[in-house]
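Remarks on the structure that follows.
Everything numeric in this text was worked out from a predicted model, so none of it was measured. Scope of the values below: all heavy atoms of this structure, side chains included, with no hydrogens, waters or symmetry mates.
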Amino acid sequence: MSAPIPRVAATGAKIPLLGLGTWDLRGRTCAHMVEQALRLGYRHVDTAEMYDNEREVGEGLHASGIKRGDVFVTTKVWPSHFAPRELERAARDSHARLRLREVDLLLLHWPNPQIPLADTLGALCKVKRDGLARHIGVSNFTVKLLEEAVQLSTEPLVCNQIECHPFLDQSKVIAACRGHDMAVVAYSPIARGGARNDKLLARIGAAHGKTAAQVCLRYLVQHEIVVIPRTSKEQRLSENAAIFDFVLSAAEMREIAGLARRDGRIVDWSYSGRARWD
C-alpha cells in the first residue's frame, strides 16, 4: 500500500476509513490475517468479545511489528455484560486477551433493553475515564436509541457501527450519526460477498479496472463511511485495500444509491437486545 489510509474525524477520534473485520476468524488464521493486513498497510482492526478471537487478534497485532500507536483497535462488549460492574470486568478481560493497556474504541455491541441504558452508558463512560478506552461508541443502534444515548452519555460517542452496504437503506441512521458528529462504521460492507455478483457494480468496476467489491467499498468510503470488510484470504486483503486510487463520478454514485432497499438487511436482528451466548 503506497499511501497511508485516509482517516475520518469524529468528535476527537480519527478512524482509518478501511479496517479489517475479524468476525468468524478463528485460531491461527485470525492471527495470520491480522498480521498480514497490518504489514500490508491496514491500520484499523475490529474485533469483539463475542467473536472469541481477541487473543488471536492480539497475537497478530504484536507479531506485525507495527507500533501500537499506529494501529486503531476496536472491540465490543456483549449485551449480557451491560450491567455496570460486568461491563468494566468485560472491558478488562478484553484488554487481557488482546494484551493491550487500552483500546482505541470500545463499543456496546447490541442494544439491551433489559438493562437501563443510563446505567450501561454510565459504566462505559467510566471505563473511558479510567483509561481503558480512548474513545467509546455504540453498534446496531437505531435512530431513537442513538438520540437517547447521546443525551445520556457524559462522554462523546464517536461512532455507530451498523450493517451498511449499497443494498440496504440506512439513510436515516446515517443522518442521525452525522447530526451528532459521529462516524458511521460499516460491517458487512460488501453484503457478505453479495456485491461481487451485482451487475451494476461489475459494469462500473469494469470502467475503472476494478472489481464489483472494490466499487462497493469505494462507494461507502466516498461517503466517508468507514468499512471493515472481513476476509480469510490474503489476496482479498490487497483487493479490499485498493480503493483509494480511483473516484466514482456523481452519476455512478447516484446509480449505486438506487440499489438501496429498506428490506436489504442480511444480518439477523432476531437476537437484537438479547444475549444468546451469556
Side-chain angles (χ1 to χ4, degrees), residues 1 5 16-37 40-42 44-48 50-53 56-57 60 74 76 109-110 139-140 161-170 173-174 184-223 225-246 248 252-253 255-272:
M1 203 176 300
I5 293 172
L17 271 169
L18 172 69
L20 175 66
T22 63
W23 173 80
D24 207 32
L25 293 180
R26 296 287 188 275
R28 183 57 199 159
T29 297
C30 179
H32 180 70
M33 292 305 295
V34 170
E35 179 182 353
Q36 290 303 112
L40 186 63
Y42 284 65
H44 179 184
V45 180
D46 180 273
T47 183
M50 189 272 281
Y51 297 171
D52 193 27
N53 64 9
E56 290 79 8
V57 168
T74 299
K76 312 175 197 74
H109 204 150
W110 286 90
S139 182
N140 297 302
Q161 185 179 125
I162 57 175
E163 178 184 345
C164 190
H165 46 75
F167 310 105
L168 175 62
D169 182 2
Q170 289 281 40
V173 178
I174 292 171
V184 176
V185 178
Y187 67 78
S188 299
I190 55 175
R192 292 188 177 171
R196 301 186 191 282
N197 302 317
D198 186 81
K199 293 181 180 180
L200 172 63
L201 297 177
R203 173 172 60 77
I204 293 173
H208 293 276
K210 297 292 182 178
T211 66
Q214 288 172 317
V215 170
C216 186
L217 294 173
R218 178 65 204 181
Y219 172 77
L220 294 173
V221 301
Q222 207 160 306
H223 279 300
I225 293 173
V226 178
V227 295
I228 49 170
R230 170 261 187 214
T231 184
S232 60
K233 301 176 181 178
E234 286 190 40
Q235 62 268 32
R236 296 290 192 207
L237 288 176
S238 298
E239 177 185 338
N240 293 341
I243 58 173
F244 298 104
D245 58 352
F246 74 108
L248 298 171
E252 290 170 333
M253 293 289 282
E255 281 190 282
I256 298 170
L259 296 173
R261 298 289 182 269
R262 289 186 178 181
D263 61 352
R265 196 178 300 280
I266 60 173
V267 174
D268 181 12
W269 270 55
S270 64
Y271 60 86
S272 174

Could you tell me whether the side chain of [X] and the main chain of [Y] form a donor-acceptor pair under 3.5 Å?
{"X": "Thr211", "Y": "Gln214", "answer": "yes"}
{"X": "Arg218", "Y": "Ile243", "answer": "yes"}
{"X": "Tyr42", "Y": "Leu237", "answer": "yes"}
{"X": "Lys76", "Y": "Tyr51", "answer": "no"}
{"X": "Glu163", "Y": "Ser188", "answer": "no"}
{"X": "Arg265", "Y": "Arg262", "answer": "no"}

If you take all heavy atoms of [X] and [Y], which pair is closest and at what distance?
{"X": "Pro189", "Y": "His165", "result": "O-CB, 3.4 Å"}
{"X": "Gly19", "Y": "Pro229", "result": "O-CD, 3.4 Å"}
{"X": "Val227", "Y": "Val221", "result": "CG2-CG1, 3.8 Å"}
{"X": "Val267", "Y": "Tyr187", "result": "CG2-CE1, 3.5 Å"}
{"X": "Gln222", "Y": "Leu248", "result": "NE2-O, 2.8 Å"}
{"X": "Ile5", "Y": "Leu18", "result": "CG2-N, 3.7 Å"}

Straight-line distance of [X] [atom1] to [Y] [atom2], nearest 0.5 Å:
{"X": "Gln161", "Y": "Thr74", "atom1": "CD", "atom2": "OG1", "answer": "7.0 Å"}
{"X": "Glu255", "Y": "Leu200", "atom1": "CD", "atom2": "CG", "answer": "5.0 Å"}
{"X": "Ile190", "Y": "Asn197", "atom1": "CD1", "atom2": "CG", "answer": "10.5 Å"}
{"X": "Leu201", "Y": "Tyr219", "atom1": "CG", "atom2": "OH", "answer": "10.0 Å"}
{"X": "Ile162", "Y": "Leu168", "atom1": "CD1", "atom2": "CG", "answer": "7.5 Å"}
{"X": "Phe167", "Y": "Ile266", "atom1": "CZ", "atom2": "CD1", "answer": "9.0 Å"}

Between the side chains of Glu252 and His208, does any donor sit under 3.5 Å from an acceptor?
yes
Heavy-atom distance under 4.5 Å between the side chains of [X] and [Y], does that happen here?
{"X": "Lys210", "Y": "Asp245", "value": "yes"}
{"X": "His223", "Y": "Val184", "value": "no"}
{"X": "Glu234", "Y": "His32", "value": "yes"}
{"X": "Val34", "Y": "Glu56", "value": "no"}

Considering only NZ, NE, NH1 and NH2 on the basic side and carboxylate oxygens on the acidic side, decide whether Arg230 and Asp46 come within less than 4.0 Å.
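No.
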For a side-chain hydrogen bond (donor to acceptor under 3.5 Å, both in side chains) with Asn53, tell me which candidate from Thr29, Asp24, Thr47 qualifies.
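In the set Thr29, Asp24, Thr47, the residue that makes a side-chain hydrogen bond (donor to acceptor under 3.5 Å, both in side chains) with Asn53 is Thr47.
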May I have the step-by-step check of side chain to side chain contact (heavy atoms under 4.5 Å, CB included) for Cys164 and Ile174, ending in yes or no?
CA-CA 9 Å; Cys164 190; Ile174 292 171; 4.2 Å; yes
